[in-house]
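Counting begins at 1 with the first residue of the sequence. For clarity, every value in this text was computed on a predicted model and none was experimentally measured.
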Amino acid sequence: LAGLDGRPPLPGDEGLALPRSAEGIAVLSLGSLLPAGAALAFDSVAHDESHTWRATRERTLLLELLAGVEWGALDVLLLDLPPGAERTLQAAEMLGPETAFLLVSLPSDLARTVVARSAAALRGRPNPVLGYVENMTGLFPPGTTALDLPCLGHIPFDPALAGGGPASCAAAAMGELAQQVELLLE
């Protein structure tokens, strides 16, 4: 999405990596650590335990991305995590009570159910939930499941965004969303 796939981070001081920049935003993703076109795979010798292995592996990778990168002074650290209440809780525990969450849903009932579970799991934690964003609006028929969270925006499905098009309507919607999040975090 940022056009940095296959472009590894730059070497920094004390063995830490420096993230690359896209549109003035420091970016580091697993995609930038893999050769172009390669897929991230979690192999496990314990086939019956692959789910646990994946969760352990994901946590380890996230910790490495956070600790092994020289981020500098940040206004916001955005983590794009896989969906699921358990993963959301693990992230809340790992990142601490000051970490705010912005949940993302597709406009389908199944996706909204997963987001509702994540929000419910966070209710017992001190972490604020800013609301949710609907991604890929217009690609699917709208769902009927309502979320008990403020909707901060709708990101339209826009194939131009996949090509890194900064002038796409989805990019404009993300800019508006960033402004709303900035106001909520002040």
Side-chain angles (χ1 to χ4, degrees), residues 1-106 110-111 113-133 135-136 149 155 162 164 174 177-178 181 185:
L1 188 60
L4 299 175
D5 285 356
R7 294 184 61 204
L10 302 166
D13 295 334
E14 300 177 23
L16 296 177
L18 290 173
R20 294 205 179 253
S21 180
E23 301 291 325
I25 299 172
V27 176
L28 183 65
S29 71
L30 292 179
S32 65
L33 301 175
L34 299 171
L40 177 64
F42 293 105
D43 293 327
S44 173
V45 294
H47 297 290
D48 294 335
E49 302 296 325
S50 64
H51 177 72
T52 303
W53 172 246
R54 282 183 212 160
T56 303
R57 208 46 196 149
E58 287 172 0
R59 180 178 167 86
T60 301
L61 285 170
L62 180 57
L63 286 171
E64 287 179 16
L65 283 175
L66 293 173
V69 177
E70 191 176 314
W71 291 104
L74 296 174
D75 295 322
V76 173
L77 176 64
L78 177 67
L79 299 174
D80 183 4
L81 302 172
E86 183 178 331
R87 287 179 169 133
T88 304
L89 274 179
Q90 288 173 349
E93 290 169 3
M94 183 172 47
L95 299 171
E98 65 282 347
T99 302
F101 284 81
L102 175 62
L103 303 174
V104 179
S105 180
L106 296 175
L110 178 61
T113 299
V114 171
V115 167
R117 287 184 190 147
S118 293
L122 287 169
R123 282 195 189 101
R125 304 234 358 119
N127 304 83
V129 178
L130 303 177
Y132 79 99
V133 174
N135 192 21
M136 295 193 208
L149 294 168
I155 309 297
M174 283 192 264
L177 172 64
V181 169
L185 293 176

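- Residues Leu149 and Ala119 approach most closely at CD1-CB, 3.8 Å, considering heavy atoms.
- Take Ala100 and apply the side chain to side chain contact (heavy atoms under 4.5 Å, CB included) test, not counting sequence neighbours, and it matches Pro128, Leu130, Leu185.
- Distance check: Met94 CE to Leu66 CG gives 6.0 Å after rounding to the nearest 0.5 Å.
- For the atom pair OG1 of Thr60 and CG of Leu65, the computed distance is 11.0 Å after rounding to the nearest 0.5 Å.
- Contact detail for Val69 and Leu16: the closest heavy-atom pair is N-CD2, 4.2 Å.
- Shown here are the side chain to side chain contact (heavy atoms under 4.5 Å, CB included) partners of Ala92, two or more places apart in sequence or in another chain: Phe101, Leu122, Arg125, Asn127.
- For Val115 against Val104, the heavy-atom pair with the smallest separation is CG2-O, 3.2 Å.
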